[in-house]
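Please read the structure below before turning to the comments.
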Amino acid sequence: MIEATSSAAWLAAPIAVPLLAAIGVALAGGRLRAFVALLGAIGTAAASIFVLARVVAEGPLRHRLGGWGAPLGIDLFADGLTVLMLAMTAVLGCAISLYASGYFNAERERCCYWPIWFVLWTGLNALFLTADLFNFYVTLEVIGLSAVALVAMEGGPVALSAAVRYLFIAMLGSLAYMGGVALVYAQTGVLDLALLEGRLGDGPLGQAALALLIVGLLAKTALFPLHLWLPPAHSSAPAPVSAALSALVVKASFYILLRTSFTAFTDAALAAVGPILGVLGGLAVLWGSLQALTQDRLKLMIAYSTVAQIGYLFLLFPVAMPGAGDAAWQSKAWIAGIFHALSHAAAKGAMFMAAGAILHAVGRDDKNSLRGLGERMPVTISALAVAGVSIMALPPSGGFIAKWMLLVAAVRTDQGWWAPLMIGGGLLAASYVFRMVKFAFMQSPEDAPMPRPIPRRLEYTALALALIAFVLGLASVFPIAVAAIGAPFPENWFTEAL
Amino acid sequence: MTAMQLYLITAVALFVLGLYGVLIRPHLLRKMTALNVMSSGLFLLFVAVAYRGSAEPADPVPHAMVLTGIVISVSATAFGLLLIRRVLETTGRAELPMEDAGRND
Amino acid sequence: MPATRAYIGRVQRVLLVLGLLPLLATLLLAVRSVPARPPNLANLVAARMHESGVTHPLTAVLLNFRGYDTMLEIAVLWLAGLGALALAPGPSAPRHRPHPVLAGLLRVLAPALVMTAGYILWAGGFRPGGAFQSGSVLGAGLVLASLGGMISLRPTFSLRLGLALGLAVFVGIAVGSWRATGELLHYPGATDKFSILAIESVAALSIAFILLTLFDRLTAAAESVTKPHANAHAATPHRGEERS
């Protein structure tokens with residue numbers, strides 16, 4: 001167990017600030033709302049960056065809420081992985097907030113987007129910062145319910161049906177997860193992640209607990225075959241919500257799985273579960289990519305692309321688990337998965353934002369409406385294309401670095417059979433991205449109406465995120481160094497050159 | 001079989017029955033009810049685990065978790081019912097659409 | 001869950017049952033191996049309860065040891081209320097006509113409800129009770145009043161304040177305690193009993209309002225206008241009337 005070097009109460013800042021912002025913006029009216037919202041976004045991002053800086057300086061940190069300390073109380077905990085997730089949420093959160101302030105004009109806004117969005121942000125940060133298994137459940141519910149509400153806010157029958165479906169899957173996932181927690185508590189009597197290390201054992205109780213936890217989290221992360229709720233939900237939500245869902249929400253449950261598997265699972269359990277997750281991940285890549293190829297609507301293509309990209313995240317499990325081959329490369333696979341989550345967040349956020357801008361301007365997002373937009377909406381289409389580069393995993397984007405690391409790690413740990421899958425997935429991604437984007441460079445029909453003018457910030461936030469995804473590969477040294485802080489692998493494994 | 005084991009088995013049975021109901025029933029309201037049955041099973045599981053024999057008071061931590069779970073379940077159920085109502089109002093049916101939910105227009 | 005047909009074929013039912021049997025078996029095996037006296041935190045709670053400011057172990061866990069969970073849980077409840085307001089902005093006129101029987105009943109019942117709620121809130125410190133139970137009783141009273149046409153819900157500032165206040169006070173005390181003791185939710189010195197009571201009483205009120213909002217929106221009359229992007233002004237700047 002890691003002793004707190006200082007009281008580190010500011011670990012709670014990324015949680016308290018957005019929560020206060022949510023309350024503030026719920027009480028504010030009219031013009032004041034957007035102002036409070038943007039202030040809240042900046043404040044939350046600042047708090048997250050502050051935590052990042054302190055963890056980089058001081059190493060992993062723990063704060064005992066209420067002064068009690070685990071196992072009696074709940075602890076907040078931050079290491080490299082935590083702060084990377086916080087940073088990802090901060091960047092995406094600011095971009096989405098800025099984007100949403102332009103997307104929802106007075107005509108379109110229904111009550112309560114801003115408070116619910118900030119509660120979602122709170123839930124995300126709270127999830128990343130907590131060290132308690134049951135608290136994970138509560139934060140998952142905060143995130144899940146706010147996500148469903150945001151999807152439903154679109155109001156149309158398609159969105160409402162998608163929201164109901166999402167709600168049911170989210171609740172089933174939460175119930176399965178909570179069942180796992182109950183069994184864990186029955187077996188061990190503790191709920192703190194660090195304390196659970198080695199206590200679960202391999203008996204039927206421990207195994208059932210793990211199975212329930214995993215299944216619940218897989219449903220929430222929309223891993224094949226539990227992905228059916230994702231395309232309708234992510235595509236029918238308003239664009240800033242879609243961006244938040246694909247970029248951040250699906251990563252939250254993935255984060256829990258990553259944490260618990262490398263902390264609480266026994267080596268035997270990890271070895272058993274790893275290949276299954278890898279196979280499902282591979283199927284997700286193939287299925288999602290193939291479905292994306294057949295879509296006619298931009299947002300649906302992007303949503304299926306999310307299904308596929310989530311599959312890549314799970315490919316890290318079989319490679320990172322203790323097993324054959326050069327052990328040092330396990331850590332590389334672990335980092336590759338995290339890196340992929342980061343770059344996918346930026347790229348997918350950018351793509352949904354671009355799609356939203358197109359919807360705003362043209363009113364539809366089917367591929368034929370894209371004709372001529374390369375000329376008329378250059379910033380938006382550039383954002384789409386540049387983000388696509390990261391999805392396709394072309395150098396020097398973040399997506400490329402992530403997949404390259406994973407590929408090499410797979411080969412080095414004697415599991416090279418994953419390689420053709422990854423390469424094939426990249427080719428499929430290129431196909432479905434190009435298939436859609438090419439329309440933007442075609443001539444529009446003579447009688448096509450001019451696209452409506454849209455707020456500049458819609459296009460430029462999309463482009464900014466796309467560029468971040470693109471450039472992430474060049475600046476990969478820093479995130480990798482941060483991830484090494486507190487990682488479940490020996491430190492020196494990270495210093496080997498890529 | 002001890003009392004605790006009886007409760008544990010009942011809890012598991014409720015959980016699985018509820019899951020069956022959620023998957024089988026097309027009507028959204030019935031799905032929601034089945035979901036609540038699942039939750040009840042789960043809460044019973046927690047309460048059973050809290051039992052420490054007839055001489056000592058029960059472990060309060062699982063009880064606290066159940067209370068939290070109930071409140072969250074109420075929130076989600078209430079909101080879910082409202083969602084179902086809106087689905088009914090806008091689509092005319094209280095069931096999820098049959099076709100692949102991805103395709104529309 | 002994935003799309004289901006109106007009539008579930010027999011084959012699919014059988015397959016589903018076959019698929020669920022392994023789950024059932026796994027879980028039954030698991031609970032069979034739960035030890036007769038599972039390891040737990042009860043002793044730890046009992047040992048430190050005297051530091052918590054209350055004498056009931058459950059309240060100590062909920063509002064002190066694991067108070068952070070409770071704070072987030074109140075956020076979830078508030079979220080449901082917000083979601084209800086977002087999904088169904090609703091008409092502004094009272095929906096239920098004043099009902100004489102309910103009104104008469106409520107005239108008798110209301111004081112009893114308020115006193116019961118107050119007692120349950122206070123009693124939470126030394127026996128089962130507390131904010132949620134108390135809030136539910138109050139909420140039931142408000143729902144009855146709404147059904148009797150005595151209250152109509154309008155998304156005014158006072159409503160939004162009432163919904164958010166419970167959470168706001170909780171977060172406020174959490175941050176305030178950080179200023180005082182250096183740790184969040186570490187109630188300073190001898191104020192723990194007071195802090196817990198403050199949190200619980202405001203939370204009970206908010207919970208009552210949230211429950212009323214949820215019920216009210218759920219039973220709102222079907223709206224004639226269901227355009228997805230209908231103009232929905234959620235906030236009127238002036239305070240509205242809440243009692244007729």
Toward chain C, the part of A/Ala22 with a non-hydrogen atom under 4.5 Å
both
C/Arg32 side chain vs A/Leu205 backbone, donor-acceptor pair below 3.5 Å:
no
Given a strict heavy-atom distance threshold of 4.5 Å, which part of A/Leu183 is in contact with chain C: side chain, backbone, both, or neither?
side chain
With sequence neighbours excluded, what pairs up with C/Tyr68 under the ring pair (Phe, Tyr, Trp, His ring centres under 6.0 Å) test?
none
Considering only heavy atoms, give the residues of residues 163-170 of chain C separated from chain A by less than 4.5 Å, sorted numerically, with 'none' for an empty result.
C/Ala164, C/Leu167, C/Ala168
Chain A heavy atoms under 4.5 Å from C/Val171: which part of the residue, side chain, backbone, both or neither?
side chain
Relative to chain C, which segment of A/Leu76 carries a heavy atom at a distance below 4.5 Å: side chain, backbone, both, or neither?
side chain
Part of A/Leu19 within contact of chain C (heavy atom distance under 4.5 Å)
side chain
Of the backbone (N, CA, C, O) and the side chain (C-beta and beyond), which part of A/Val142 lies under 4.5 Å from a heavy atom of chain C, both, or neither?
both
Kindly indicate whether the side chain of C/Glu183, heavy atoms from C-beta on, has any atom under 4.5 Å from the side chain of A/Leu65.
no
Which class fits the ring pair A/Trp68 and C/Phe65: parallel under 30°, tilted 30 to 60°, perpendicular over 60°?
perpendicular
For C/Ser177, side-chain contact (heavy atoms from CB on, under 4.5 Å) partners two or more places apart
C/Pro188
Ranked by heavy-atom pairs below 4.5 Å to chain A, first place among C/Gly83, C/Ser33, C/Ala42 goes to C/Ser33
Within the side chain of C/Arg160, is there an N or O that forms a donor-acceptor pair under 3.5 Å with the backbone of A/Ala26?
yes
Where on A/Ala126 is there a heavy atom nearer than 4.5 Å to chain C: the side chain, the backbone, both, or neither?
both
Side chain from CB out, backbone as N, CA, C, O: work out which of these in A/Ser146 comes under 4.5 Å of a heavy atom of chain C, or both, or neither.
both
Report, by ascending residue number, the residues of residues 53-63 of chain C in heavy-atom contact with chain A at a distance under 4.5 Å; give 'none' if the set is empty.
none
